[in-house]
Amino acid sequence: MLLNGNHAAAYGVKLARPKVVPVYPITPQTPILEKISEFQARGEMEVDIMTMESEHSAMAACITASLAGVRVFTATASQGLMLMHEMLHYASGAQAPIVMCNVNRTIGSPWGFWPDQTDSLAQRDTGWIQYYCENPQESLDTVLQAFRVAEKVLLPAMVIHEAFYVSHALEVVEVPDREVADRYLPPFDPPHRLDPEIGESWGNVVNQDMFYRHRKTLGRSMDQALEAAIEADSLWQELTGRGYGVIEEYRCRDAELLIVTMGCMAGTAREAVDQLREAGVPVGLLKVKLFRPFPVDQVRRALKGVPGVVVLDRNFAPGTGGFLHQELKAALYGLEGGPAVHGCLAGVGGTNVSPTKIAALAREAMGGKPSVFPVWKG
Amino acid sequence: MLQFKIQGRGGQGAQKAAEILAEAFFREGKYIQAYATYGGARRGTPVSSFVRVDDKPIRLRCDIENPDVIVCFDPSLLTGALLQGAGEDTLLLINSASAPDHFASLGNFRISTVDAVTIAHANDLGRIVNTTLVGAFAGLVNKPDLDILIRVIREKSPAKVDQNVKAFLEGYRAVTGGMN
């Protein structure tokens, strides 16, 4: 059927059967929650939709509901995610496997509604699993994968797509059968839950050693999320024929340069790669889908022996540059035969990045030396 | 690949027009991608819709730079930014009571006009000019299929279904009856 990215994500949520969905609206995410409300009104979802007074409260409600042992979903964007920030740390600390969609949108000020990944990337250290999606179909599929992974390792997960290019892009999407989803995602049954009958609690004051141990546990959960994500994706592929990998290599064979990017720009980059290959230029694409935990080994394997890479970041951290550029350089540290890494800030603030532009950036990178500083490329 | 832009103002139904056309192309077995961008999601602010139609899955996630067709719901939106990338093969369909010559100074495009405001009013649709312009689009581009379009309009019209179909047909005839 034809669905935009937000509605596709909502269909994924419906198939996941969450019991509680605390909501607070914000452009360009609102259609996700509107669609869920519609499903509930039509009797297609048995869910408690809680209308909260802010995103901070919405996330607080997510945490408590999740700790009570039920599956929980919410969605937000930009300023809403900023307001949740404190609670994001609380959620991962409480090992609450909430799944949240974030629609990437520029953060004020100045005010805007444009696709830019800085909002979610600035939450990279909050202990949430992060998936970046290229198109509506991938967003739907990833919502289900995210629940499976989150509940396995007991960490919250963000499923992220960009404003307009995905969130509002109407496309052909295949919605899996209910039976397939039920087979894939068993009912949530956590080992611990808040229940007066059991008498367990969460959030007590701890000493330094306990805190230290807890942070280590959290780190271990995040490490396990990588294997869990690989397993979740393989099983999904078995059931639906659609798999994405934690990274994807597109036409990377014998490539002298790889374009590395995340989210929907990967789609445009595929066109650029095809154009360049046709012109005899050996270029490929490495798409990073799972950003947290960062798939270090997979990336190192993919880039070993490749002469150069050009990273395209539709995001910007003043003082350091593109987030993916930084992460990639860190991941490649000490790799023998590792590539020269060029970093381009492209599409920051939602500016248009065409295949022609990507092809030009790739050609430029092939002929030059990389700069250690961020390079603005429109 | 067929690529077109629809430029309107919030409340005119430009986004809906894109959805109707996209749905009709989809039912013809095409792959489509239709998305909209808007500044403030308020009535009166500019809304741009973009539609791509192809025989294979569409991977592009960027603006349409060389549109085959531009549909403009409001001549006050005929700015340089809208027309950037348009060439002599670009069909520019304008909602206006004026003849195409009136817009000749905009550049070397294939210009066509339809008085969608009058048609919409006559059909009791107020300022909702989208179905009329969808009709004109179909008349000029010669696709998607008329019967499919009428079915889609019937399904997607929130009210005044017959009036919308009639406005659609009048829009179609206005450009196929020698008026362009």
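It should be emphasised that the depicted structure is a prediction, and the values quoted were computed from it without experimental measurement. When reading the values below, keep in mind they use all heavy atoms of this one structure, side chains included, and skip hydrogens, waters and symmetry mates.
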At a heavy-atom separation under 4.5 Å, does Asn135(A) approach chain B through its side chain, its backbone, both, or neither?
both
Test log, rule side chain to side chain contact (heavy atoms under 4.5 Å, CB included), inputs Leu2(A) and Glu23(B)
CA-CA 7 Å; Leu2(A) 283 186; Glu23(B) 177 75 34; 3.4 Å; yes
Does any part of the side chain of Gln33(B), heavy atoms only, come nearer than 4.5 Å to the side chain of Leu170(A), both counted from C-beta?
no
Just wondering, more than 12 heavy atoms not from Tyr31(B) lying within 6.0 Å of its OH?
no
With a 4.5 angstrom heavy-atom cut-off, is it the side chain or the backbone of Glu65(B) that approaches chain A, or both, or neither?
side chain
Test Glu271(A) against Ile58(B) for side chain to side chain contact (heavy atoms under 4.5 Å, CB included), laying out the working first.
CA-CA 10 Å; Glu271(A) 295 286 336; Ile58(B) 295 158; over 6 Å; no
Look at the side chain of Thr268(A) and the backbone N and O of Arg61(B), then say whether any donor-acceptor pair between them is shorter than 3.5 Å.
yes
Does any non-hydrogen side-chain atom of Leu60(B) lie less than 4.5 Å from one of Pro355(A)?
yes
In terms of heavy-atom contacts, does CZ of Arg59(B) have more than 12 from other residues, nucleotides or ligands at under 6.0 Å?
yes
Would you indicate whether Arg42(A), at its atom CZ, is surrounded by more than 12 heavy atoms from other residues, nucleotides or ligands within a distance under 6.0 Å?
yes
If you count every heavy atom of other residues, nucleotides or ligands that lies below 6.0 Å from Glu278(A) atom CD, does the total exceed 12?
no
Is there a side-chain contact between Tyr165(A) and Asp63(B), using heavy atoms and a 4.5 Å cut-off?
yes
Please determine, among Glu134(A), Met265(A), Arg270(A), the option with the most heavy-atom pairs under 4.5 Å with chain B.
Arg270(A)
With only heavy atoms counted, which part of Val353(A) is less than 4.5 Å from chain B, the side chain, the backbone, both or neither?
backbone
Gln84(B) atom CD, neighbour heavy-atom count above 12 within 6.0 Å
no
